[in-house]
Q: 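I am attaching a structure below and will ask some questions about it afterwards.
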Amino acid sequence: MHKRNKITVIGAGNVGATTAQKVLEMRLGDVALVDVVDGVPQGKGLDLLESFPVLGLSGDIVGTNTYDETAGSDVTIITAGLARKPGMSRDDLLAANAKIVADVTKSAAPLSPDAIIIVVTNPMDVMAYVAAQASGFPKERVVGMGGVLDSARFRTFISIELGVSVDNIQAFVLGGHGDQMVPLPRYSTVAGIPITELLPEDSISSIVERTRNGGAEIVEMLKTGSAYYAPAASAALMAQAVLLDQKKILPCSAWLTGQYGHSDVYAGVPVVLGSAGCEEIYEVKLTPEEQAAFDNSAGAVKKGQAATGY
Ligand SMILES: NC(=O)c1ccc[n+]([C@@H]2O[C@H](COP(=O)([O-])OP(=O)(O)OC[C@H]3O[C@@H](n4cnc5c(N)ncnc54)[C@H](O)[C@@H]3O)[C@@H](O)[C@H]2O)c1
């Protein structure tokens, strides 16, 4: 008998609850929503369940403070942890979030030994490493969400600048999800045409800069939290690629084993994402400047990984 997919979302805050909503509305499967705060996952879970009749959805969502309900998940999405406040960098969150991510992974992983883990908590590349270590899963079954969001922001800004549909725009972002991400204009295209042919250098530089600061721009506006609609949509897109074995090529944080000249580090690279997780990493030729920017970014993640003590 065919069984519905099951998705665990850990952390029922802004990103987690919105991710739960998206995966339900995309009809990807049942959801277990977990949080430490008593009542929050239960309340949000019930509220989401009550949207089913209106939206014509079937299936189930359960909100819980424990992990029993997560057993047998196909995908586990980790959003638990602190988010940035104005003036904070993603790295300021490192120590506190490493402990949270290790704890939740150790609770969830044994109950869903075949799951693919998608890590959202910041600093994301380092947290993907912590989740991989804490789960003991093969590293290709733990991927980080950052590049999908960064490239969505890049695409948005290109679309605003050119006044054309975002549908026609592909964008390419490499490196860590942080201030050192490496947007690649040469590989970013509008209907197949590189943006370097369509936009002057100074507008490309300002789009690249705005993409790098895309998270901070929203933190400054919100003041009390960070972005969650586009992050949740990005995490749900990755869950869909895994659950439907789509083998989509998406920029994800993946464990490098020599690609782009780096090993033993999580960094944003183009990944073939399917039911086995990170099934392949695409390598493209980089210019010396792009390689240097990538090295810088991967170096920063390596330092962060070492600082976690895992
Ligand atoms: N990778 C990305 O692109 C990206 C984008 C946006 C946000 N983020 C990160 O995602 C994380 C969540 O952001 P948010 O806006 O949802 O924050 P939030 O504060 O709204 O939600 C975080 C939730 O985690 C819960 N939590 C804390 N410790 C827990 C534990 N041990 N077990 C279970 N739940 C626990 C909290 O109770 C809270 O409900 C942050 O670290 C943020 O920086 C990453």
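Note that ligands are numbered from 1 as they come in the structure, with each ligand's atoms numbered from 1 the same way. Numbers here simply count residues along the sequence, with the first being 1.
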Q: Supply the atom-to-atom distance Leu94 CG to Gln305 CD, rounded to the nearest 0.5 angstrom.
A: 10.0 Å
Q: Would a 4.5 Å heavy-atom cut-off, applied to side chains only, mark His262 and Asp295 as touching?
A: yes
Q: Is there a donor-acceptor contact under 3.5 Å linking the side chains of Gln240 and Lys22?
A: no
Q: When you look for heavy atoms under 4.0 Å from ligand 1, do you find them on the side chain of Leu82, its backbone, both, or neither?
A: backbone
Q: If you count the atoms of ligand 1 from 1 in the order shown, which ones are under 4.0 Å from a heavy atom of Val104?
A: 30 (C), 31 (N), 32 (N)
Q: Tell me the contacting part of Val37 for ligand 1: side chain, backbone, both, or neither, using a 4.0 Å heavy-atom threshold, strictly below.
A: side chain
Q: Side chain or backbone of Leu149 under 4.0 Å from ligand 1, or both, or neither, by non-hydrogen atoms?
A: side chain
Q: Using the rule that Ile, Leu, Val, Met, Phe, Trp and Tyr join whenever any side-chain heavy atoms are under 4.5 Å apart, tell me whether Val182 and Phe157 fall into a single cluster.
A: no
Q: Should the proximity of Ala80 to ligand 1, defined as any heavy atom under 4.0 Å, be assigned to the side chain, the backbone, both, or neither?
A: both
Q: Between Phe294 and Tyr260, is the ring-ring contact (aromatic ring centres under 6.0 Å, His included) condition met? List the steps.
A: CA-CA 8 Å; Phe294 187 86; Tyr260 296 94; 5.2 Å; yes
Q: List every atom of ligand 1 that sits less than 4.0 Å from any heavy atom of Asn97, numbering the atoms from 1 in the order shown and giving each element.
A: 41 (O)
Q: How does Ala227 reach ligand 1, by side chain, by backbone, by both or by neither, if only non-hydrogen atoms under 4.0 Å count?
A: backbone
Q: To the nearest 0.5 Å, how far apart are CG in Leu82 and OG1 in Thr121?
A: 9.5 Å
Q: Only heavy atoms of Ile100, strictly under 4.0 Å: list the atoms of ligand 1 that pass.
A: 28 (N), 29 (C), 30 (C), 31 (N)
Q: Is any N or O atom of Asp35, backbone or side chain, closer than 3.5 Å to an N or O atom of ligand 1?
A: yes
Q: Which ligand 1 atoms, with their elements, are less than 4.0 angstrom from a heavy-atom of Gly81?
A: 22 (C), 24 (O), 26 (N), 27 (C)
Q: Checking a contact table here: which protein heavy atom is nearest atom 8 (N) of ligand 1, and how many Å away?
A: Asn122 ND2, 3.4 Å
Q: Between atom CD1 of Ile281 and atom CD1 of Ile249, what is the distance when rounded to the nearest 0.5 Å?
A: 12.5 Å
Q: Measure the distance from atom 44 (C) of ligand 1 to every protein heavy atom, then report the residue, atom name and distance (to 0.1 Å) of the closest one.
A: Val120 O, 2.9 Å
Q: Nearest 0.5 angstrom please: Ile100 CD1 to Thr105 OG1, how far?
A: 11.0 Å
Q: Starting from atom 33 (C) of ligand 1, which protein heavy atom do you reach first, and at what distance in Å?
A: Val36 N, 3.5 Å
Q: Provide, to 0.1 Å, the distance between atom 13 (O) of ligand 1 and the closest protein heavy atom, together with that atom's residue and name.
A: Val15 CG2, 3.7 Å
Q: In this structure, does ligand 1 have an atom that sits under 4.0 Å from one of the heavy atoms of Thr79?
A: yes
Q: Check each atom of ligand 1 against the heavy atoms of Pro231 and keep those under 4.0 Å away; list them by number with element.
A: 5 (C), 6 (C)
Q: Can you tell whether the side chains of Glu290 and Lys285 come within less than 4.0 Å, N to carboxylate O?
A: no
Q: Distance to 0.1 Å, residue and atom name: give those for the protein heavy atom nearest to atom 17 (O) of ligand 1.
A: Ala83 CB, 3.7 Å
Q: Can you tell me which residue and heavy atom of the protein come closest to atom 21 (O) of ligand 1, and the distance to 0.1 Å?
A: Gly13 CA, 3.2 Å
Q: Could you tell me the separation between the OG1 atom of Thr79 and the CG atom of Asp35, rounded to the nearest 0.5 Å?
A: 7.5 Å
Q: Using a strict cut-off of 4.0 Å, indicate which atoms of ligand 1 neighbour a heavy atom of Met124.
A: 1 (N)
Q: Is Asp74 salt-bridged to Lys6, cutoff N-O under 4.0 Å?
A: no
Q: Which residue supplies the protein heavy atom nearest to atom 3 (O) of ligand 1, what is that atom called, and how far is it?
A: His177 NE2, 3.0 Å
Q: Does ligand 1 come near enough to Asn14 that some N or O of the ligand is less than 3.5 Å from an N or O of the residue?
A: yes
Q: Kindly work out whether a path of hydrophobic side-chain contacts (I/L/V/M/F/W/Y, heavy atoms less than 4.5 Å apart) joins Tyr67 to Val9.
A: yes
Q: Check the side chains of Thr8 and Thr76 for a donor-acceptor pair under 3.5 angstrom, ignoring hydrogens and angles.
A: no
Q: Applying a 4.0 Å heavy-atom criterion (strictly less than), which segment of Thr121 is in contact with ligand 1: side chain, backbone, both, or neither?
A: both
